[in-house]
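Take a look at the structure set out below.
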Amino acid sequence: MTITEEPRPTTTEAEHAAPSVTAVTYQRVSTKEQAAKGGRDEGFSIPAQREANARKAEALGARIVAEFVDAGESARSADRPDLQRMLDYLATHQVTYCIVHKVDRLARNRLDDVEIHRRLVEAGVTLVSATENIDETPSGMLLHGIMSSIAEFYSKNLASEVTKGLTQKVASGGTPMRAPIGYLNVRKRDEQGREYRTVEVDQERAHLIRWVFTAYATGDYSVTDLLAEVTSRGLTTVATPKRASGPVGRSTFFKLLRNPYYVGQVRYKGAVHPGSHEPLIDVETWHQVQTLLEARGTASERRRKHEHYLKGTLYCGTCESRLQLDYAKNKQGIRYAYYVCSGRATGRKNCTRKAVPVGVAEKLVEDCYQEIGISEQTYTTLAEQVDAAFDERLASRSQALAELTVNRKRLEAESEKLLAAHFADAIDLDTLKRHQDRIRIGLADIDRRLANEHGQHEGPRKHIGTALRLLVDCGRVYARTDDHGRRLANQTFYDRIEISEDERATIRLAEPFAALTPEPTSTDVRCSSTSSWVERTTQ
């Protein structure tokens, strides 16, 4: 807003001066680009409107006392900063005219036009157009109403045409929005020289996006850790005319993992449409990532800090409370690490279990690995039996798998027909979304059941085979690995290890190791040999 002030006349001059005619001017363009470039989009730029308004004020013999400019503001709403400042200014100052270049600069909504005009009349201000013959005469008021209605029609028709164009673009597999990280919005020309916009894979970032989904699907990363890792590998946002390239924000990264665009689908107005762009991620990896996001509740992922690799694994063999790590100092100030019964330490249980030196606990657990190890020959025998059992079970479920696959293809075909009907204006968007939601639920249920069938066969087959392989010479491997490797091994093999008063270790194996024992809830490996355990398992 610009306000022009002139020197006040002396008292004698004021007594003889005629009342001065004053005016305010209002200019507006719709986009920030027009305001910044001063282009001639929509007919006139801000400087051109200012010049035309000044000529109109001069023709009226009016002195411009204030200028109001809304740069990059749409006229579809009256909530524009300088428009509101102008109306407030007119309510508190004596002004003769409000000059605009055209009526549509002031409003493109009939209701807003009526309200703005009402406030001008209440302030005693006459609305004047620099290019249109509107005034307070009946013919001028009629022209004002006609021009206002035309402006409203133009605005609504333009919005309708834009929506229609975007819908047609989606129907043809196009992208009606800015492409996400990993893709680039580009302009090309066809054989006739006509320019069109399309999407291409961003070769600089696409391999990082593929790595992000593949890495998260393994389950080895939290979202926060994954973002830090891929940022260190060089993933950045795409630079724009207004914003330089920089690190990807956390909220943007969460949306990236949820965006179906990476598997070739475009989400538009709540509905999902097949896109013509090149997918970066396969469907299986995509579903695995979505499953992990749902299962983990990514917002609540937390890291744990462990001070010793046995922490969280050991339990009291007397009262079954967890053994917690503690430190004691002797008179010389030397610290000693112990595992003490948490039930006794807190007074929750009447346990008399004494503290276990960390060195003793480490040796007991190492002995457990020596006891549960199996030979190469035993592994081969057990692996053959596992494969035979799973092959027999899979054959009995082949009919159920075939029916699920047929139902999935039927729902996918129905979804394609619904999209075609929507693009042909046979069904509206709400109906499309309602049916898509139904189909999406049905597909999700089929995928879950297929995954369950697959999980009941191939998953356990591979899992048990890997578990058996881990048992081969596991004692030697455990003795040679570092603290981090030992922690992972303990979490893999054991649910818990109980240490009794006489310092004997009783282990409770985790799945699938527990399923291989006749008594999976508790196996005292200090009292039974591994060979007899394997012999019972094969029987």
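What you are looking at is a predicted structure, and each value in this text was computed from that prediction instead of being measured.
Lys56 contributes atom NZ, which lies 8.0 Å from atom CD1 of Ile99 (distance to the nearest 0.5 angstrom). Distance check, rounded to the nearest 0.5 Å: CD1 of Ile116 to CG of Leu127 gives 9.5 Å. Distance check: Gln27 CD to Glu51 CD gives 11.5 Å after rounding to the nearest 0.5 Å. Atom CG of Asn259 and atom CD1 of Ile281 lie 11.0 Å apart (nearest 0.5 Å). Summarising the geometry, atom CG belonging to Asp70 is positioned 8.0 Å from atom CZ belonging to Arg28; distances are rounded to the nearest 0.5 Å. Interatomic distance, OG1 of Thr218 versus CG of Leu292, reported as 8.0 Å (0.5 Å rounding).
Closest of all the heavy-atom pairs between Ala206 and Gly182 is CB-O, 4.1 Å. In plain terms, the two heavy atoms of Pro247 and Thr237 that are nearest each other are O-CG2, 4.0 Å. When all heavy atoms are compared, the tightest approach of Cys98 to Leu120 is CB-CD2, 4.3 Å. The two residues Ser20 and Arg63 have their closest heavy-atom pair at OG-NH2, 3.8 Å. Closest approach of Thr236 to Ser245, counting heavy atoms only: OG1-OG, 3.1 Å. Considering all non-hydrogen atoms of both residues, Arg205 and Asp202 come closest at NH1-OD2, 2.7 Å.
Applying the side-chain contact (heavy atoms from CB on, under 4.5 Å) test between Val125 and each of Leu87, Leu90, Thr22, Val24 identifies Leu90 as the sole match. The side-chain contact (heavy atoms from CB on, under 4.5 Å) test with Thr25 is passed by exactly one of Gln49, Glu67, Arg50: Glu67.
The shortest distance between side-chain heavy atoms of Phe213 and Leu256 falls below 4.5 Å. Between Leu419 and Gln436, some side-chain heavy-atom pair lies under the 4.5 Å cut-off. At a threshold of 4.5 Å between non-hydrogen side-chain atoms, the residues Ile209 and Leu235 count as touching. Put simply, the side chain of Leu226 reaches to within 4.5 Å of the side chain of Val212, judged on heavy atoms. The shortest distance between side-chain heavy atoms of Ile181 and Tyr262 falls below 4.5 Å. Annotation: side chain of Leu227 is not in contact with side chain of Phe254 (no heavy-atom distance under 4.5 Å). With a 4.5 Å cut-off on side-chain heavy atoms, Leu60 and Tyr97 count as touching. In this structure, the side chains of Arg80 and Tyr26 come closer than 4.5 Å at one or more pairs of heavy atoms.
Side chain of Asn53 to main chain of His101: a donor-acceptor pair is present (N/O by atom type, distance under 3.5 Å, no hydrogens or angles). With His93 contributing its side chain and Tyr89 its backbone, the two residues share a donor-acceptor pair below 3.5 Å. Within the 3.5 Å criterion, the main-chain N or O of Lys311 finds a donor-acceptor partner in the side chain of Arg487. Not one N or O on the side chain of Thr431 forms a donor-acceptor pair closer than 3.5 Å with the backbone of Ile427. Judged purely by atom type and a 3.5 angstrom limit, Ser415 has no side-chain atom pairing as donor or acceptor with the backbone of Leu411. In this structure a side-chain-to-backbone donor-acceptor pair under 3.5 Å is present from His308 to Leu310.
The 12-atom threshold is not exceeded at CD of Glu58, counting heavy atoms of other residues, nucleotides or ligands nearer than 6.0 Å.
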Candidate pair His207 and Arg210, rule side chain to side chain donor-acceptor pair (under 3.5 Å), full reasoning: CA-CA 5 Å; His207 70 283; Arg210 293 190 184 99; over 6 Å; no
Evaluation steps, salt bridge (charged side-chain N to carboxylate O under 4.0 Å, His left out), between Arg85 and Asp82: CA-CA 5 Å; Arg85 294 190 190 100; Asp82 256 30; 2.3 Å; yes
Derivation and outcome, side-chain contact (heavy atoms from CB on, under 4.5 Å), residues Leu418 and Ile439: CA-CA 10 Å; Leu418 285 169; Ile439 292 173; 3.5 Å; yes
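The salt bridge (charged side-chain N to carboxylate O under 4.0 Å, His left out) contacts involving residues 226-240 comprise Glu229-Arg233, where partners must be two or more places apart or lie in separate chains.
For the pair Asp437 and Arg440, the salt-bridge criterion is met [side-chain N within less than 4.0 Å of a carboxylate O]. Taking the charged nitrogens against the carboxylate oxygens, Arg118 and Glu115 do have a contact shorter than 4.0 Å, which makes a salt bridge. Salt-bridge check for Asp88 with Arg119: passed, with a basic side-chain N closer than 4.0 Å to an acidic carboxylate O. Note on Arg486 versus Asp483: no salt bridge recorded, every NZ/NE/NH1/NH2 to OD/OE distance being 4.0 Å or above. Ion pair Glu414/Lys409 not flagged as a salt bridge, since none of the NZ, NE, NH1 or NH2 atoms sits closer than 4.0 Å to an Asp/Glu carboxylate oxygen.
For Tyr261, the ring-ring contact (aromatic ring centres under 6.0 Å, His included) partners at least two apart in sequence or on another chain are Tyr183, His277.
For Trp286 and Tyr216, the distance between ring centers is not under 6.0 angstrom.
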